[in-house]
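Written out below as structure tokens is the structure these notes cover.
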Amino acid sequence: MSNIYTEIQKRILVLDGAMGTMLQEYKFTEEDFRGERFKHYSTPLQGNNDLLSITQPEAVKEVHRKYFAAGADIVETNTFSGTTIAMADYQMEDLVYELNYESAKIAKEVANEFTKKQPHKPRFVAGSIGPTNRTASMSPDVNDPGYRAVTFDELRIAYKEQVEALLDGGADILLVETVFDTLNAKAALFAIEEVKSERGIEVPVMVSGTITDASGRTLSGQTAEAFLISISHIPLLSVGFNCALGANLLQPHLEVIASKTKFATSAHPNAGLPNAFGEYDETPEETALQIEEYLKKELINIIGGCCGTTPKHIAAIAEVAAKYKPREVLNIHTVEN
């Protein structure tokens, strides 16, 4: 049976696009988010996209299918906010295990459908682990720089529950993504290593940071190289960047890490920068053209899209990626899932 370690050496792997962008197209109402089960829930639930894996599972499945049909090798679970810390906004901390388990299960069912149809192109599920809405290394209060809204241990415990549920639901890979504070990511990686040790398993782990502006730094102040150094003690499948910037603005940061790591490299940029209405205007062709510059320079092993990218963007990216060979990777494990 093929696994991610063998496939990543054969070709550039394609990650899916934006789950949130796709779910917005359904124009779900408060009632749709609630479904029958949460009809009388005391808190407003509209906007809690992770909940749709329970209340609108067919829609989530349909999004996964569209991305696989567009050429994706890997889809991300609908779990970007799937921690007790993030779910506290909706008073749904008790649902965290179920949300992650169901999201992974849904994605895995669709992945198996496509793998069965095309055994030469196995499909994988990456458990999406977002940054939470709190930061461990910075104060949210300008008047109290020593204050922290969350501790490392609180993050570790929250991430551990998410990781266990994602694995139980069938995730093949764990993706710690949109990292704006590396201390948060370290808590997630610590939790993953704990679960691996307790279960006696190996799991491919991807880490994807986010460069927040033209300064070329993460929100917590690290350069691309510093970010790479601070997570490289963990055995990773890949390291890369996503979100915040469009493909062209992300390229110099990818060049930095591609030249300095033995891990595989990944990128899933936004469809350009948002317009005044917060919408993304970059066409699939424009995105693919910019991403082709990465591929010409052999910077990439895994490529996909973030905010504003649709199945059409992923189809255009997959078409371009098929023409190029992946960046050579020296530090690939050969571990069966």
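Worth saying up front: this structure is predicted, and the values here are computed from it rather than measured. Throughout, numbering of the chain's residues begins at 1 and tracks the sequence.
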Under 4.0 Å between a side-chain nitrogen and a carboxylate oxygen: does that hold for Lys108 and Asp172?
yes
Salt bridge (Lys or Arg N to Asp or Glu O under 4.0 Å) for Lys296 and Glu292? Distances and angles first, verdict last.
CA-CA 6 Å; Lys296 285 176 183 173; Glu292 190 164 14; 5.1 Å; no
Grab the two heavy atoms, one from Arg123 and one from Lys121, that are nearest each other, plus how far apart they are.
NH1-O, 3.0 Å
Are the side chains of Val96 and Thr83 in touch, meaning some heavy atoms are under 4.5 Å apart?
no
Tightest non-hydrogen contact, residues Val110 and Phe68, listed as CG1-CD1, 3.7 Å
Under the 3.5 angstrom rule, does the side chain of Glu102 hit a backbone N or O of Ile54 as a donor-acceptor pair?
no
Dump the intermediate steps for side-chain contact (heavy atoms from CB on, under 4.5 Å) on His253 and Leu245, then the final yes or no.
CA-CA 11 Å; His253 311 302; Leu245 304 175; 4.2 Å; yes
side-chain contact (heavy atoms from CB on, under 4.5 Å), that's the test. Do Thr21 and Thr310 meet it? Break it down for me.
CA-CA 7 Å; Thr21 296; Thr310 65; 4.2 Å; yes
For Thr265 and Ile300, which heavy atoms make the closest approach, and how far apart are they?
OG1-CA, 3.5 Å
Could you grab the distance from atom CD of Glu194 to atom CZ of Arg199, nearest 0.5 Å is fine?
12.0 Å
For the side chain of Asp168 and the backbone of Ala165, is there at least one donor-acceptor N/O pair under 3.5 Å apart?
no
Is the backbone N or O of Ala226 less than 3.5 Å from a side-chain atom of Ser230, with the two atoms forming a donor-acceptor pair by type?
yes
Mind checking the CG-CG spacing from Asn242 to Asn270? Nearest 0.5 Å is all I need.
8.0 Å
Judged by atom type as modelled, is there a donor-acceptor pair below 3.5 Å linking the side chain of His64 to the main-chain atoms of Glu109?
no
Quick check: closest heavy atoms across Arg134 and Asn184, and the distance to 0.1 Å?
O-ND2, 2.7 Å
Straight-line distance of Lys196 NZ to Leu189 CG, nearest 0.5 Å
9.0 Å
Exam field: side chain Tyr67 to backbone Ala18, donor-acceptor pair closer than 3.5 Å:
yes
Salt bridge present between Arg11 and Glu7 (N-O < 4.0 angstrom):
yes
Can Tyr159 and Val176 be said to form a side-chain contact (heavy atoms from CB on, under 4.5 Å), step by step?
CA-CA 10 Å; Tyr159 280 129; Val176 180; 5.9 Å; no
May I ask you to decide whether Lys160 forms a salt bridge with Glu198, counting only side-chain N to carboxylate O separations under 4.0 Å?
yes
Does Thr182 use its side chain to pair, donor to acceptor, with the backbone of Ala185 at less than 3.5 Å?
no
Gly82 and Asp50: which non-hydrogen atoms are nearest, and at how many Å?
N-OD2, 3.0 Å
Would you say the side chain of Phe152 lies within less than 4.5 Å of the side chain of Lys186, judging by non-hydrogen atoms?
yes
So, Lys117 and Glu113, do they make that salt bridge, N to O below 4.0 Å?
no
Steps toward side-chain contact (heavy atoms from CB on, under 4.5 Å) verdict (Val256, Thr223):
CA-CA 10 Å; Val256 169; Thr223 61; over 6 Å; no
A side-chain contact here means heavy atoms from C-beta on lying under 4.5 Å apart; do Leu23 and Asn78 qualify?
yes
